[in-house]
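In what follows, a structure is listed as structure tokens, so that the remarks can point back to it.
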Amino acid sequence: MKVMSINAGSSTLKFSLFNMDDESVIASGNFERIGMEGSFYTIKYRGEKVEQDVTLENHLDAINILLERLVSLSIISSLDEIKAIGHRIVNGGSLYQESVLITDKVIEDLILLKDYAPLHNPAHVLGIKACKEALPEVPMVAVFDTAFHQTMDPVNYLYPVPYSWYQEYGVRKYGAHGTSHRYIAKTISDILGKKDLKIISCHLGSGASVCAIKDGKCVDTSMGFTPLAGVMMGTRSGDIDPSIIPFVMEKEGKNASEIIDDLNHHSGLLGVSRTSNDMRDIVAGMNEGNENCTLAAKKFDRTVVNYIASYYVLLGGCDVLCFTAGIGENSLETRMRIVELLRPLGFELDIEANNCRGELKKISKGKKKPLIYVVPTNEELMIARDTKRLVR
Ligand code: ADP
């Protein structure tokens, strides 16, 4: 059974086509700069890579070209082979606790939920509508980044603000990266052959979040009402005192959305290091003795460790600590520094085993608990799995 997973952004559309009989990737790629000058696409399949400049006025253009290319490149022999499409959705609010088959009602809900993810949900709707127009008979599934976090207790998802903000406007923690954290929890549970596990999952990429998972369910997570909250990230601040916002607005003569833009795009590793939002550059700067890079790396570690320690207490211990995403999977130095800070809780790294990038591996010493793992995340596969399950 062939299933496509789609991640539609405001000017991009990423896809992966899976053969779900063995979960192998048949093809994957990106359409970029949709609706802008200089749009192009990349398709990878059977070790080949096709890259071409094309005019992409909208998401429907991208979908139509993708479908045409899948056949003309002989990746599939006919569009009938695509049995289902799964869409990544950033925010399903409190409405969606799990993945669902897409109906007109789901599309209406996504439009209503746009305030919770203004950059993402409208783009997802464009992607869904384009697929519906191009392949009207093919069932589609929505897979929400927020759904995994819907098992949080109100004590963990409520903010200590006037209760009416929650009741009237839905102000609460929704979290993000749920599909990734769910994939990590499932992979670890499969490896250890156990469901009753206390897992702390660290998704450390450009965006970063930590998630406390008990028996396969999310108990708490570091991202909040939006993905701006929680640990320090590539360009996002993570948690800060909200009083800073009006203070800097006045100092710099900026409005609230300009400050939020600073917190989203000019903060985090980039803000503190004044050099780069990429952990590779930060580590290189640190090795060269650059003070701001050193400070940025240490601050990053500190914010991640604070969440891990707090979730250790929340879960009443930890069986497995996991690292995933760009930094978590690849930055040996970051993993080493973070685990060193966690030594008082009994975490200990096997330095030799930690010498790995992008592979599933246990990196803690012997059988000593808590175990520590690197798990390459695979949100696209999780989307395709849910899609296959729901369509069947
Ligand atoms: P996104 O949230 O965009 O999907 P990724 O999960 O791809 O982000 O993570 C991107 C980040 O991963 C980069 O900004 C970089 O800091 C980090 N990264 C990737 N490779 C390495 C590496 N070899 N060493 C250290 N950091 C890395």
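Note that ligands are numbered from 1 as they come in the structure, with each ligand's atoms numbered from 1 the same way.
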In terms of atom number and element, which parts of ligand 1 are under 4.0 angstrom from non-hydrogen atoms of Arg357?
23 (N)

Set of side chain to side chain donor-acceptor pair (under 3.5 Å) partners for Ser99, sequence neighbours left out:
Asp386

Quick one: which ligand 1 atoms are inside 4.0 Å of a heavy atom on Gly207?
2 (O)

Let me have the donor-acceptor pairs involving side chains of residues 317-324, under 3.5 Å, with sequence neighbours excluded, atom names and distances please.
from	atom 1	to	atom 2	distance (Å)
Asp319	OD2	Lys198	N	2.7
Thr324	OG1	Glu329	OE2	3.1
Thr324	OG1	Val375	O	2.6
Thr324	OG1	Thr377	N	3.0

I want to know whether His124 and His87 have ring centres closer than 6.0 Å.
no

The answer for which part of Glu333 has a heavy atom under 4.0 Å from ligand 1 is neither

Do protein heavy atoms approach atom 24 (N) of ligand 1 to less than 4.0 Å?
yes

N/O of Gly326 under 3.5 Å from N/O of ligand 1, yes or no?
yes

Ligand 1 contact by Gly234, heavy-atom criterion under 4.0 angstrom:
no

Closest protein heavy atom (residue, atom, distance) for atom 4 (O) of ligand 1:
Ser206 OG, 4.9 Å

For a 4.5 angstrom cut-off between non-hydrogen side-chain atoms, does Arg33 reach Leu56?
no

Distance in Å, Arg335 CZ paired with Glu340 CD, rounded so as to fall on 0.5 Å steps
15.0 Å

